[in-house]
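No experiment lies behind these values; they were computed from the predicted model shown. The chain is numbered in sequence order, starting from 1.
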Amino acid sequence: MGSNNLDGGVDAKGMDDLKVPLLKPLDNNNKDIRIRTVKFKIGDIECASCATTIESVLGKLDGVKNATVSPIQGQAAVNYIPELINAKKIKEAIEDAGFPVDDFPEQDVAVSRLRIKGMACTSCSESVESALRMIAGVKNAVVGLALEEAKIHFDPSLTDTSCIIQAIEDAGFGADLISSGNDVNKVHLKLEGVNSPEDMSIVQSSLESVEGVNNVEVDFAEKKVTIAYDSNLTGPRSLIHCVEKAGRDLKLYQASLYVPPRRREAEQKHEIQMYRNQFFLSCLFSVPIFFFSMVLPMLPPYGNWLEYKVHNMLDVGMLLRWILCTPVQFIVGRRFYVGSYHALRRRSANMDVLVALGTNVAYFYSVYIAMKALALDKFEGQDFFETSSMLISFILLGKFLEVIAKGKTSDALAKLTDLAPDTAYLLSLDDDGNVISEMEISTQLIQRNDILKIVPGAKVPADGIVVSGQSYVNESMITGEARPIAKRLGDKVIGGTINENGCLQVKATHVGAETALSQIVQLVEAAQLARAPVQKLADQISKFFVPTVVIAAFLTWLGWFIPGEFGLYPKHWIPKGMDKFELALQFGISVLVVACPCALGLATPTAVMVATGKGASQGVLIKGGNSLEKAHKVKTVVFDKTGTLTVGKPEVVSAVLFSNYSMEEFCAVATAAEANSEHPIAKSVVEHAKRLLKKFGSTEHVMEAKDFEVHTGAGVSGRVGDKMVLVGNKRLMRDCNVQVGPEVEEYVSENEKLARTCVLVAIDGKVAGSFAVTDPVKPEAARVISYLHSMGISSIMVTGDNWATAAAIGKEVGIDKVFAETDPLGKADRIKELQLKGLTVAMVGDGINDSPALVAADVGMAIGAGTDVAIEAADIVLMKSNLEDVVTAIHLSRKTMSRIRLNYVWALGYNILGMPIAAGVLFPFTGIRLPPWLAGACMAASSLSVVCSSLLLQSYKKPLDISAKSA
């Protein structure tokens, strides 16, 4: 096997040499050959010779460095060169040798999020996407224009983040890494005492040896280290302690928490400041140009000096305009040249191309006029220097206002991020639970199982369980629940919520990126990046928008210039100081700069950003534009019963005797039999029976049931004292040959009609009594169903309960149709039947046993998710158990889609109306002409108006706020 490995290594190196030119980008970043390891189990290994055979087969594969197979456990570990062979081929080779492969890891796909700079419209985001998809190893890439982010799934064996960033930069855009890898928890530490690479190596190896550490990235220049870890095994304080322990003798290392600055906020501020500075710099030159060309010539005594001739026909005014316009065109306007260059290089066109083309035509024609005036002693011509400079100024003003408005579209997300407190009080307890010490620490240093003290008015720093104290906690900022929730021993608390009045001690169960708050933020960010199908309209238009505009501008110029030359329109149409060519040129430039592709590109993503953020702040988590778009089409809502339409907590409403036993004895026997059952109905029977026993003055001591047996789907049995006891439904009684008399039958029938479940108790073969159990319908259910009807949406209930109970509940809340005695897969089949009728179906369930139905539905809504926000099967996650959020989700999606349509009408309508007006359609009839600088201002205003239109969604109010009305 050794020779095989050696040969494989030589071949690999030879192959690698041959591939150097093709793999140059990879080799630049990874000078050594990368070796990866894959581990899996192999079946049917009966002896050591089987293991040797497999090792021999693997050793012959080109690219496999070595392979080890354990004949006892059947475990295999293979080291291979990913450039030459992949894990799938290794698996296939083993299977070809006749051995089954188990527990084979799925293809390793890494995920990176990047901040993209320099995108102006849909054309830009498409260019970035196509550049990313051309990289070998990139599986999927999604670019969000409004969010200015990209999410890339790639094979780390074929490419890495540095190659991806390089590809984006080659396409003419900037890129910064936001996060990489699938590691959930990361901590950044600042090091002290690390003065040499050897010191850094000692720290790195010490950290890598800690159980639970997945990856360690070091930055010697900055003296920083980033550690990815498993929070079940270690935590930030343990890692800091590990760094400090790594020091020996005189070398002492210190580590402290380092919080990287929030890039998004910093970059937004930088972008706003950049556009503001560029606008003011542009105004410094444009305002004097405006006065010299528009204002002073109309004030004869003051503007006469502008007409003094410098040489031949070149006057002072024209010279000053030329001098002042040049910095605006080439220094302030440089960004348009750079953007145009990169766009044209990748064979696309964007707003920068239109602006650069329009301003260049105006500027260089003006230079031509100025040169002619300088050269000739008899010449009259009109320059357009003010057009070029004012056009750039107005576009920069529009961009400045647009980035401010775009920043506000993510306000809701920023507020969610800010909910987590900066510090927490960490308690140290002795074995008896007494507090030994109390220390204030950063919330980023909290580890799982820490005991934290939360004083009244303070924010809960992490998800956890109350271990001491009781209080009311305001969870409105996370779940949207208006009333404070009572918390006592054993109750869960959510990080970011506010403790109202009592002092609590909480044991941390989820920390860092695992908290509900972090998961909500991640889910909303992912949703804002997901593209809505309606966005395809803008994508298709953007492909031919700019070329169409350039052709339209050229035709406009021809359409005015040629008729002018042939005298087809009156000479008095031509403004004073202009000729036919200049008038035609102005119309052409106006068409170029009035058209705006940006407004179309921003119409959908800005509305989705605001809507998903607004929904999250109200406890409705919508997983992207696709879910939003599907939800607005919903015509039928299918509800699960238990825990969805009902509270999900069964209660005993009556207890009746059918024998001579006393109520006290009856309750004692029932409690003993049901005490060992985990069923929710059994628990409710035990609680009710104990309350009755307490009322009769009986002791809390519960008799023990012997020979206890659970009868699935029927009840329980056991011997209590000398009595044989059965507790369950009619089926259990029949199976055990217990006769159910007409009196009992009548009682059961009456209760089932009232949507109650009867629990019969038989003692020594005779029915002794019964408990009637109900799962109360949620108080808001009937109103929600009624409101859905008013929205034109029908309602259906699908449940596993009996027909009588299901029909009674359906009638009580106003459900249109009921399907009972249906298992989870049957629920999914019912939904498919409805979809075959052409209906768009939403399924509302608790996300536990409703997963098949949630997946089958067009829109799956998981209700009452609480802290479990990452329900995979659902398109929309409703944090609370309140049914009003079903209405909110559909209503918000309808509002958002109507806002997107309005944005499209505005953006398309603006271009459809703006371009003909700019082309001079109204000029012959009304004399109204749109000068290029004003056309540029209109273009800037159109993008701003679309963003502001989307921002109006921030004022969204729930249509059915039951909790607020009842409060």
Do the ring centers of F581 and Y365 come within less than 6.0 Å of each other?
yes
Compare all side-chain heavy atoms of [X] with those of [Y] and state whether any distance is below 4.5 angstrom.
X    : Y    : result
P924 : W573 : yes
L600 : L908 : yes
I331 : F285 : no
S393 : W933 : no
V594 : I917 : no
V328 : L324 : no
S112 : L177 : yes

Tell me whether the rings of [X] and [Y] are parallel (<30°), tilted (30 to 60°) or perpendicular (>60°).
X    : Y    : value
F400 : F279 : parallel
F587 : W560 : parallel
W322 : F385 : parallel

D176 and its salt bridge (charged side-chain N to carboxylate O under 4.0 Å, His left out) partner, picked from K117, R115, R113:
K117
Find the distance between [atom1] ([X]) and [atom2] ([Y]) and round it off to the nearest 0.5 Å.
X    : Y    : atom1 : atom2 : result
L953 : T896 : CG    : OG1   : 5.0 Å
Y275 : E402 : OH    : CD    : 8.0 Å
R321 : T326 : CZ    : OG1   : 12.5 Å

Side chain of [X], backbone of [Y]: donor and acceptor closer than 3.5 Å?
X    : Y    : answer
Y904 : V534 : yes
Y910 : M939 : yes
S389 : S286 : no
E582 : D579 : yes

Which pair of non-hydrogen atoms, one from L396 and one from S282, has the smallest distance, and what is that distance?
CD1-CB, 4.1 Å
Worked verdict on K580 versus F566 for side chain to side chain contact (heavy atoms under 4.5 Å, CB included):
CA-CA 10 Å; K580 295 178 282 289; F566 289 100; over 6 Å; no
